[in-house]
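Written out below as structure tokens is the structure these notes cover.
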Amino acid sequence: MRLAEFILANREAILEEWTAFARANQPADRNLSEQALRDHASQILTEIVVDMGRPKEDDARQGAKDPVVPEARGSEGPARAHAKQRARNGFEISQMVAEYRALRATILRLWVASHTTFSSHDVEDLTRFNEAVDEALAESLKFFLVEVDHARDLFLGVLGHDLRGPLSIIASCAQLEARSRPDGDPKSRATITLRSVAHMKALLDDLVEYARNRLGAKVAIQPDTVDLDKFTRETIEEILAIHPERVIDLDIRGNLQGHWDVHRLHQVVANLIFNALKYGEAEKPIAITLDGTAADEVVLAVHSIGATISPGVLPTIFEPLVRDVDDVAWQASGANMGLGLYAAHEIVTAHSGAISVTSTDEDGTRFEVRLPRISSQA
């Protein structure tokens, strides 16, 4: 009996061994039903047989009908559906891979045991069988990782959102405490708490933005008329209240009025300044330039002197979770790009603008944002 025919004829025996292996291999905190353990196993067997029966030639594969099993496959194949279900049931990726390994071994063991003689077709069947199992496994791996990533991003989004509530309460209590001490001691516990709250809020904003984008939600903006010079001064004052020991210089040129989302723009400016404060030398001022001399756009630049960004990292600096792992100076400063620059890039892009960076030992690090006075989303 050919291998494909053997699989169909012995489907139930194969599925029983699949179920037994899945039961022994399931997550320790689960007690899944027979149906859940079998999951899409029967359909996966059918898919393997279908793939084995397709013509070898690629052109023939695209146009041929399934010669062994006439069942039409749906838009979501069983290997993909199986991966999603296993991920939702708490299986680890190694456990799912082990299922395929056990399936392959079970089928071959039963088939070899049923054979008394082997023909030239058997080598071809084994080759086609292994190709089909590998293809199903590859598809399952791909979508298992997609499902895990989706669950992680959803968790991060919910976490970032839910932490804002208790953080707001902490901030309110610290503000009440600070008001009771009119001397404004920068070393008071209330002031230190407010500094930490501001840092945590910025991190949570970036986390939520990252999770939203990973889940497919684009950055939404609600543009309004903004005077960028006044807005930037207010942002700098807020940051200096947290870091009174630092110096931030502001250079203003031309007309700085435009149509932008104030909340989103605050996130961009604050992220760039905090980034400069974190990685710039403490005794060197941060230089911010606002250039509104062009008729159609405004340029915002944040310049700092300190540890430079290595050339290998610059092309990916605005991608999420990028770290400069090669630069000793950045490692010494505890550098972690995190999500701030990623969020800034996404917000600037949503405004139809552009953000770039240069970093050299001679000139320091300069982030530049170009914002059209009226974005295409306005």
Side-chain angles (χ1 to χ4, degrees), residues 3-4 7-8 10-12 14-27 29-30 32-56 58-108 125-158 211-217:
L3 180 52
I7 292 173
L8 294 178
N10 293 271
R11 182 193 299 260
E12 190 57 36
I14 296 169
L15 291 177
E16 286 180 2
E17 295 217 18
W18 168 291
T19 305
F21 181 85
R23 179 177 290 107
N25 199 42
Q26 67 182 320
D29 61 342
R30 301 298 176 93
L32 300 175
S33 65
E34 183 88 3
Q35 182 179 358
L37 290 170
R38 282 204 178 193
D39 192 21
H40 299 82
S42 180
Q43 295 94 323
I44 289 173
L45 287 178
T46 298
E47 186 175 59
I48 289 172
V49 170
V50 167
D51 287 343
M52 291 175 65
R54 287 199 176 100
K56 294 181 182 179
D58 290 341
D59 292 340
R61 276 178 176 266
Q62 294 176 6
K65 296 181 180 179
D66 296 337
V68 180
V69 181
E71 299 177 16
R73 296 200 285 182
S75 58
E76 182 177 87
R80 180 184 308 185
H82 173 70
K84 291 182 177 181
Q85 192 63 39
R86 283 300 190 245
R88 292 169 185 172
N89 283 338
F91 278 67
E92 295 180 2
I93 193 168
S94 60
Q95 292 173 308
M96 189 194 69
V97 171
E99 284 187 313
Y100 278 96
R101 186 179 68 245
L103 177 65
R104 189 196 310 262
T106 296
I107 292 173
L108 293 179
D125 285 353
L126 281 171
T127 301
R128 301 299 299 277
F129 169 71
N130 282 315
E131 288 176 350
V133 173
D134 289 343
E135 185 176 338
L137 174 58
E139 185 176 5
S140 284
L141 282 172
K142 176 182 177 181
F143 287 95
F144 187 95
L145 293 174
V146 168
E147 189 68 24
V148 169
D149 285 347
H150 180 82
R152 180 199 61 200
D153 295 334
L154 187 61
F155 169 77
L156 290 177
V158 172
R212 280 173 51 84
N213 282 298
R214 289 277 299 177
L215 291 169

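We number each residue from 1, following the sequence as shown. Values below: all heavy atoms of this structure, side chains included; hydrogens, waters and symmetry mates excluded.
Of all the heavy atoms in R86 and L37, the pair that sits closest is NH2-O, 2.6 Å. The two residues H40 and A81 make their nearest non-hydrogen contact at NE2-CB, 3.4 Å. Contact detail for P27 and G90: the closest heavy-atom pair is CG-O, 3.3 Å. Scanning both residues, F91 and F144, for their nearest heavy atoms gives O-CZ, 3.2 Å. Across all non-hydrogen atoms, the minimal contact from S140 to A79 is OG-O, 2.8 Å.
Separation of atoms CZ (R23) and CG (N25) is listed at 12.0 Å; rounding is to 0.5 Å. Note that NE2 of H82 is 11.5 Å distant from CD of E47, once rounded to the nearest 0.5 Å. In this structure, CG in L8 is found 8.5 Å from CG in L45, a value given to the nearest 0.5 Å. The structure places NZ of K84 at 12.5 Å from CG of D39, a figure rounded to the nearest 0.5 Å. Of the inter-residue distances, the one linking T106 atom OG1 with I7 atom CD1 reads 11.5 Å to the nearest 0.5 angstrom. The distance from atom CD of Q26 to atom CD of E99, rounded to the nearest 0.5 Å, is 10.0 Å.
Residues satisfying the side chain to side chain donor-acceptor pair (under 3.5 Å) criterion with S42, sequence neighbours excluded, are R11. In this structure, E92 has no salt bridge (charged side-chain N to carboxylate O under 4.0 Å, His left out) partners at least two apart in sequence or on a different chain. Listed by chain and number, the residues in a side chain to side chain contact (heavy atoms under 4.5 Å, CB included) with A132 are I48, D51, M52 (sequence neighbours excluded). The side chain to side chain donor-acceptor pair (under 3.5 Å) check on E147 picks up R88, with sequence neighbours excluded. Residues that satisfy the side chain to side chain donor-acceptor pair (under 3.5 Å) test with N130, not counting sequence neighbours, are R104. Shown here are the side chain to side chain contact (heavy atoms under 4.5 Å, CB included) partners of A36, two or more places apart in sequence or in another chain: L32, S33. Shown here are the salt bridge (charged side-chain N to carboxylate O under 4.0 Å, His left out) partners of R101, two or more places apart in sequence or in another chain: there are none. Listed by chain and number, the residues in a side chain to side chain contact (heavy atoms under 4.5 Å, CB included) with L137 are V97, Y100, L141 (sequence neighbours excluded). By the side chain to side chain donor-acceptor pair (under 3.5 Å) test, E12 is found to be paired with R38, residues two or more places apart in sequence or in another chain being considered.
No side-chain donor-acceptor contact under 3.5 Å links W18 to the backbone of A102.
By the 4.5 Å heavy-atom criterion applied to side chains, R80 and K142 are not counted as neighbours. Contact annotation: the side chain of L126 approaches that of L108 to within less than 4.5 Å [non-hydrogen atoms, C-beta and beyond]. Side-chain contact check for I93 versus L145: some heavy-atom pair is nearer than 4.5 Å. Side-chain contact between L103 and I107 is present, with at least one heavy-atom pair separated by less than 4.5 Å.
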